[in-house]
Amino acid sequence: MRSSRQADGQGGIKNRTTTHRRDELWDNTLEERGKNDTFRQRPSFPKSVFSAGTAKRTTEMLKRKAALASRDEEDHEVDTEERTPRGVGKVQPPDRPLSPAEWRTLKESLANPRRFDIQMMCALFTSGADLNIAKSLLTFVAMETGTLSYELLLRYLTLCVSGGHDAEVFDIYDIMQGSFSSLDTGACSLFIKSFSRTVRWREAVDMLHEIKKVLTPSSRNYGDVIAAAVLHGDMSTAWALYDELIEKGLNPHQETWSALFKGSGQTEDGDEKESEAVSQSEHQERLLGILLYMRNNQIYPQHSLASNIKTWFESLTEEKWTGSWTSPTPKGMCSCCGSELESIQLTAEEYQHLKDRVMTDIIRGQDVFNKTTPEELEQFKAFVKRKPAFDVVVDGLNVANINKDKSKLSEMLLTVVTELERQGLAVLVLGRKHMLRPSRSWERHNMNLIRQKAHCFFTENISEDDPFLLYGSLHSGNHCRFVSRDLMRDHKACLPDGATRRLFFKWQRGHQLVVDGYVAAGRRVRFQSIPSYDTIVQTSGSSWHIPYDDTEDRNTYEVPQRWLCLSKKH
């Protein structure tokens with residue numbers, strides 16, 4: 001009974017009788033939503049703090065609010081802007097080619113003509129000016145100085161490559177090769193990009209090998225040449241360079257993958273290159289390997305790449321694949337083919353690995369004692385050890401500050417804790433000692449009620465809550481969830497490798513509870529939905545399910561909401 005609870009330690013409770021129910025409560029969250037003994041989540045699906053675009057929408061909303069609050073200030077700034085002529089102090093490019101005499105007149109009209117040629121070439125590039133204007137500038141500089149500097153030619157090369165003037169690039173290449181003993185990597189990258197778009201693409205392969213003598217080429221360098229090899233039917237070269245790219249630890253660009261999925265071992269003219277062709281079965285196996293690479297590195301293709309993947313699967317006429325754009329159901333089923341998607345919950349092996357790494361790299365990490373003391377951490381470990389496993393750990397200060405009214409912090413925390421207690425869950429609230437000092441923000445009555453309803457541990461005021469939050473959650477077991485708005489990005493970054501960071505993110509998405517919407521005192525609290533499935537490229541052999549980006553505003557800690565379903569007819 002609630003009235004039989006006794007104070008323990010720093011304000012906790014003991015003799016809880018509901019621990020044996022926790023697995024059932026958590027496992028049946030989605031299926032039993034709405035019943036009194038279940039976790040109360042927002043019924044609309046699947047908007048959560050991890051849904052693609054959430055961060056941008058939140059930012060835009062806050063910006064709109066800020067704009068309304070400071071409209072007068074902004075109006076003043078606009079007026080100031082309107083009074084200031086645009087482009088003051090900047091070189092203004094002409095709208096037609098100039099003669100050397102006209103260029104000289106323009107240069108002399110400037111208050112500071114120093115580095116006029118470089119500034120003007122940059123302005124021509126920025127404004128997307130006609131190539132002939134840039135050529136007339138080069139003619140003027142050559143006549144005035146008798147030479148063209150490396151920097152000016154490099155700026156002109158950038159303009160030509162971006163504008164697709166590949167024939168002009170060939171001339172610049174000859175000039176620079178004849179005038180300078182070596183070319184920097186910036187120039188080489190531009191030449192690779194341009195040559196790769198032409199019949200002289202094999203020279204780009206040679207340039208790539210030259211760069212490798214000095215440093216590691218960029219994934220963009222590799223991608224340009226791979227795309228050229230695919231376009232001209234040399235799949236052997238394309239895959240050899242792709243293997244090199246991966247071996248060097250570079251991340252392929254999505255355009256590179258698109259080129260490979262569009263490649264078929266045919267030349268641009270449609271002729272088979274037998275001596276350099278890759279068998280269709282090998283090509284198919286390599287492309288499926290790209291999908292597994294995306295899976296292992298939690299990479300999501302953009303919509304354009306997903307479309308190329310869909311087209312390629314459907315081109316395998318003998319296997320009869322069908323592709324559809326879809327979204328999963330709240331229960332983790334594909335809306336298109338009915339397949340069950342992989343669970344968001346970690347396996348026992350994954351959980352143990354993550355727990356060990358978090359304990360080593362975050363809890364016992366080098367900088368953890370900048371946030372707490374060894375004595376305090378040991379006190380907390382002893383506190384947790386003598387308590388039953390928790391069902392949910394609450395970041396008290398973080399949750400309390402959801403309410404912007406500083407006089408209602410303890411009321412906000414009490415409302416959330418009451419909701420969790422109502423569901424029969426073993427709750428741990430982490431707070432700071434100043435919360436126990438009666439004040440306008442932290443009312444004594446509310447704090448006493450919180451200590452009656454939950455186990456509580458209060459750290460020193462200078463301590464950081466997150467290490468305690470992670471320790472309490474992971475120590476309690478895979479069923480335990482935590483309530484916080486903190487996205488834990490700094491802590492994830494402390495983990496030693498990408499695989500462990502991705503595991504942490506998977507655990508976080510399956511265990512973090514975020515209060516949803518406005519919370520009124522005495523009213524029920526809703527939490528954002530936690531999906532039952534993992535958002536990752538996955539296959540069953542006869543099907544592939546690929547989450548893809550259909551938006552440009554997804555943050556790195558968010559996951560896509562749209563999927564490509566590929567199923568094979570039997």
Side-chain angles (χ1 to χ4, degrees), residues 93 97 100 103 115-234 237-238 240-241 244-245 248 250 253 255-256 259 267-269 276:
W103 277 116
R115 287 174 60 83
F116 168 78
D117 54 345
I118 303 298
Q119 290 183 48
M120 181 57 70
M121 191 62 77
C122 290
L124 291 172
F125 170 75
T126 303
S127 64
D130 181 74
L131 180 66
N132 289 321
I133 301 177
K135 283 185 176 182
S136 71
L137 174 63
L138 291 184
T139 301
F140 161 67
V141 175
M143 290 181 63
E144 186 175 69
T145 65
T147 186
L148 297 174
S149 69
Y150 185 97
E151 184 179 2
L152 180 61
L153 285 171
L154 185 60
R155 302 285 184 180
Y156 180 60
L157 172 62
T158 304
L159 184 151
C160 291
V161 173
S162 66
H165 306 293
D166 296 323
E168 189 69 18
V169 171
F170 296 156
D171 292 339
I172 305 171
Y173 181 70
D174 293 337
I175 293 171
M176 295 184 77
Q177 283 283 77
S179 303
F180 307 102
S181 58
S182 62
L183 302 178
D184 72 341
T185 54
C188 289
S189 293
L190 289 167
F191 284 127
I192 286 173
K193 183 179 183 65
S194 182
F195 275 64
S196 293
R197 300 188 297 221
T198 73
V199 293
R200 293 176 63 176
W201 70 275
R202 286 198 180 278
E203 292 178 57
V205 180
D206 297 333
M207 294 178 204
L208 188 70
H209 292 318
E210 285 299 312
I211 292 180
K212 285 191 290 183
K213 294 177 182 178
V214 182
L215 45 76
T216 300
S218 69
S219 56
R220 181 67 69 190
N221 295 152
Y222 275 106
D224 288 336
V225 183
I226 288 170
V230 171
L231 183 65
H232 293 87
D234 190 351
T237 296
L241 290 173
E244 234 180 66
L245 183 158
K248 292 182 181 296
L250 300 172
H253 285 275
E255 295 87 347
T256 304
T267 66
E268 194 173 22
D269 299 324
E276 296 172 309

Considering all heavy atoms of both residues, which atom of [X] and which atom of [Y] are nearest to each other, and what is their separation?
X    : Y    : value
P100 : F140 : O-CD1, 3.5 Å
S194 : V161 : CB-CG2, 4.1 Å
P97  : S136 : CA-OG, 3.7 Å
A259 : V230 : O-CG1, 3.3 Å
I211 : P217 : CG2-CG, 3.9 Å
F180 : S149 : CZ-C, 4.3 Å

Original post:
Among all residues two or more places apart in sequence or in another chain, which pass the ring pair (Phe, Tyr, Trp, His ring centres under 6.0 Å) test with F195?
Top reply: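 In terms of ring pair (Phe, Tyr, Trp, His ring centres under 6.0 Å), with neighbours along the sequence ignored, F195 is linked to F170, Y173.
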
Summary of salt bridge (charged side-chain N to carboxylate O under 4.0 Å, His left out) pairs that have at least one residue in [range], sequence neighbours excluded:
range            : value
residues 206-218 : E210-K213, K212-E244
residues 176-199 : D166-R197
residues 117-137 : K135-E168

Note to self: Go through it in stages, so that I can follow the logic: the residues are T256 and Y222, the test is side-chain contact (heavy atoms from CB on, under 4.5 Å), and I'd like the CA-CA distance, side-chain angles, deciding distance and then a yes or no.
What the structure shows: CA-CA 8 Å; T256 304; Y222 275 106; over 6 Å; no

Distance check, rounded to the nearest 0.5 Å: [X] atom [atom1] versus [Y] atom [atom2]?
X    : Y    : atom1 : atom2 : value
N221 : F191 : CG    : CZ    : 13.5 Å
L231 : T198 : CG    : OG1   : 10.5 Å
L153 : M176 : CG    : CE    : 5.5 Å
S218 : L250 : OG    : CG    : 8.0 Å
I192 : W201 : CD1   : CH2   : 13.0 Å
M121 : L159 : CE    : CG    : 7.0 Å

T185: which residues meet the side-chain contact (heavy atoms from CB on, under 4.5 Å) condition with it, sequence neighbours left out?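 Expected list: L215.
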
* **side-chain contact (heavy atoms from CB on, under 4.5 Å) partners of P93, counting only residues at least two apart** =>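 Scan of P93 (side-chain contact (heavy atoms from CB on, under 4.5 Å), adjacent residues dropped) gives M120, A123, L124, S127.
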
ask   = Once the angle between the rings of F116 and W103 is folded into 0 to 90°, is it parallel (under 30°), tilted (30 to 60°) or perpendicular (over 60°)?
value = perpendicular

C122 versus R155: any side-chain heavy-atom pair under 4.5 Å? yes

(Q) Assess the residue pair L208 and L241 against the criterion (side-chain contact (heavy atoms from CB on, under 4.5 Å)); give the C-alpha distance rounded to whole Å, side-chain angles, the decisive distance to 0.1 Å, and a yes or no. (A) CA-CA 10 Å; L208 188 70; L241 290 173; 3.7 Å; yes

Residues R202, H232; criterion side-chain contact (heavy atoms from CB on, under 4.5 Å); working and verdict: CA-CA 10 Å; R202 286 198 180 278; H232 293 87; over 6 Å; no

- Task: Show your working on side-chain contact (heavy atoms from CB on, under 4.5 Å) between M207 and C188 and close with a plain yes or no.
- Result: CA-CA 7 Å; M207 294 178 204; C188 289; 5.6 Å; no

